[in-house]
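A short worksheet on the structure shown next.
A note on names: the letters A, B, ... follow the listed sequences, proteins ahead of strands, and every chain is numbered from 1. Remember, it's a predicted structure, so these values are computed and weren't measured experimentally. Heavy atoms only: backbone and side chains are in, while hydrogens, waters and symmetry mates are out.
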Number of protein chains: 2
Amino acid sequence: MPDTSVKMDTPDIYDDLHRKLVTAQFDHGEKLKSEELRQIYGCSANTIREVLFRLSTVGLVAFEEQRGFRARRTSPERQHDLTQFRILLEQEGASLSMRHGDIEWEARLSAAHHKLSHIESEVRRSGTVEPVLPLWSNAEWEFHDTLISACNSPLLRETYKTIYDQFRQQLVSRASNYGYYGDNVKEHRAILDAALARDEALCRQHIHDHLARNLIGVT
Amino acid sequence: MPDTSVKMDTPDIYDDLHRKLVTAQFDHGEKLKSEELRQIYGCSANTIREVLFRLSTVGLVAFEEQRGFRARRTSPERQHDLTQFRILLEQEGASLSMRHGDIEWEARLSAAHHKLSHIESEVRRSGTVEPVLPLWSNAEWEFHDTLISACNSPLLRETYKTIYDQFRQQLVSRASNYGYYGDNVKEHRAILDAALARDEALCRQHIHDHLARNLIGVT
DNA sequence: AGCATAATAAATTTTGAAATTACAAGATAA
DNA sequence: TTATCTTGTAATTTCAAAATTTATTATGCT
């Protein structure tokens, strides 16, 4: 909880709320009242309004005219939609990166995977994710973002980020079961190898398999 | 220009500015000053600020912290990016629609094309686009949106709309040359036929050919 | 008791002005 | 002359309070 005595400016408040939202510190559909937040951050209602507005543009917050803001509620249908869309973007981004990426890109991807796999093996050893959750969460993002980073399409990359953040918003909650991570290690490895081999079809396949697990239980 | 004496509410101001932006009534990169717009629409600077914020979320307006808003500047690079991304989304949306769409979808697509081709043939006869430009602009949008409307992915459809609007923002300006429309008629027909025949590969090809013309002159 | 209606409370939105920040032109120093 | 600093102006951003709208509770009627 931020100190009430320290005044934060708009970007800081944005970052703080963004972090809280993607780490599921609000319930799905929970009302975000200007007045409450105003007191927490020590600013005017208008500033809060603007921050929530910005957050609504990246899908983390839902806005309804005349009735304020809520933490985004993710239905199974929406989750399905998010997953399919993410697969589309990551496959395309990876394909383009494999075509345009140079040795520098390969190095960055390799490095990102190295960090990620280091954290994942620690999770494996300890059997629990909790202690390194923020670390792991960032490393996972780094890997996927680096994968598509040479796609040469700012639009695709930005769109992917907004989708990913909404994804993360609820992945954190199901992160407690370990089996998830066991497969993750293998899958990230498979994606990396295919990417470095510039095998587009195979890489697309692995990306699909990796992400499609989130579809289980949804039609 | 809206009457200064008539007060408009936020959604109206949004619509008015949105329309002006997609019909290129502002120069690329032109500064959008709160104070000026405030006087035009007869509201406070804060209301203008909120509207401009909303427009910035759909890419029509660029916002920079502490230095206000500008009409979005579209470089050749960005135009290239927009085109490629639009191709990706429309191809995927059309493919999904062909898989999920029922007879009702076919009927709507057929109707949209009928309206569009009627307007396009008028353009052909008269040799000029100007008189029916708004009509044509809407019909074109209707056709493309209907094409992907059965994709069963709200995310894809929303994203497509924001991309399309940014597209339209500058297509209007190059709409004056007639040759453009001559090919358009054939291309829309080709897309329609392939879609109704549920030939995904062919439809993707036609979508690409139709949209890729905008890439001419850009690397 | 059930339902509609009115009164109250709570929250959102807008306003107008104050405070902050960026921009531009002129002055001073190197 | 070039570069840096100052000063004045214009624009953006924040604030606190008023006005509007929505939600909640209480009241009266069938």
- Message: Once side chain to side chain contact (heavy atoms under 4.5 Å, CB included) is applied, do any residues pair with Q84(B), and if so which ones, sequence neighbours excluded?
- Response: H80(B), I87(B), L215(B)
- Partner residues of E158(B) under the side chain to side chain contact (heavy atoms under 4.5 Å, CB included) criterion, sequence neighbours left out: P154(B)
- Item | T10(A) vs dT13(D): side-chain N/O to OP1/OP2 distance below 4.0 Å | no
Can you pull every protein N or O that's under 3.5 Å from an N or O on nucleotides 6-11 of chain C?
residue	atom	partner	partner atom	Å
dA11(C)	OP1	K33(A)	NZ	3.2

- Item | Donor-acceptor under 3.5 Å (S56(B) side chain, F53(B) main chain) | yes
- Counterpart residues, side chain to side chain contact (heavy atoms under 4.5 Å, CB included), relative to R157(B) (two or more places apart): D145(B), I148(B), S149(B)
- Query: Do H208(A) and Q91(A) have side-chain atoms, one donor and one acceptor, less than 3.5 Å apart?
  - Reply: no
- Item | Whole-Å gap separating P (dA22(C)) and CZ (R70(B)) | 15 Å
- Message: If you only use heavy atoms from C-beta on, which nucleotide in dT12(D), dG16(C), dT12(C) is closest to the side chain of R49(A)?
- Response: dT12(C)
Hey, what are the protein-to-nucleotides 17-21 of chain D N/O distances that come in under 3.5 Å?
none

- Nearest-angstrom distance from the residue atom CG of D12(A) to P of dT14(D): 11 Å
- Note on the structure: Rounded to whole Å, CZ of F69(B) lies from C1' of dT13(D) at a distance of 10 Å
- In whole angstroms, how far is the P atom of dT14(D) from the CD atom of E50(B)? 14 Å
- Would you work out how much the helix from dA1(C)-dT30(D) to dA30(C)-dT1(D) bends between its ends, with each end axis defined by five base pairs, to 10 degrees? 10°
- Those residues at least two apart in sequence (or on a different chain) that pass side-chain hydrogen bond (donor to acceptor under 3.5 Å, both in side chains) with E30(A) are none
- Testing dC15(D), dC23(C), dT13(C) for proximity to the side chain of F63(A), the answer is dT13(C)
- Item | Qualifying residues under side-chain hydrogen bond (donor to acceptor under 3.5 Å, both in side chains), relative to R19(B), sequence neighbours excluded | D16(B)
- Task: Nearest whole angstrom, please: distance from the P of dT14(D) to the CG of L37(A).
- Result: 16 Å
- Of all residues at least two apart in sequence or in a different chain, which pass the side-chain hydrogen bond (donor to acceptor under 3.5 Å, both in side chains) check with R99(A)? E200(A)
- Task: Evaluate the side-chain proximity of E142(A) to L116(A): yes if any heavy-atom separation is below 4.5 Å, no if none is.
- Result: no
- Message: Considering only residues two or more places apart or on different chains, which pairs with a residue in residues 40-53 of chain B satisfy salt bridge (charged side-chain N to carboxylate O under 4.0 Å, His left out)?
- Response: R49(A)-E50(B), E50(A)-R49(B), E50(B)-R54(B)
- Quickly work out the R38(A) CZ to dT13(C) C1' distance and round it to whole Å. 15 Å
- Query: Below 4.0 angstrom from OP1 or OP2 of dT13(D), is there any side-chain N or O of T47(A)?
  - Reply: no
- Message: In the structure I gave you, are the side-chain heavy atoms of L55(B) and F69(B) within less than 4.5 Å of one another anywhere?
- Response: no
- With a 4.5 Å heavy-atom cut-off, do M98(B) and W105(B) have their side chains touching? yes
- Message: Nearest whole Å is fine: how far is dT15(C) P from Y41(B) OH?
- Response: 15 Å
- Item | Whole-Å distance separating the CD atom of E65(A) from the P atom of dT13(C) | 7 Å
- Residues of residues 51-62 of chain B with any non-hydrogen atom less than 4.0 angstrom from an atom of DNA chain D: list those, numerically ordered, please. none
- Results of side-chain hydrogen bond (donor to acceptor under 3.5 Å, both in side chains) for N152(B) - residues two or more places apart only: none
- Task: Answer yes if the side chains of E120(A) and H188(A) hold a donor-acceptor pair under 3.5 Å, and no otherwise.
- Result: yes
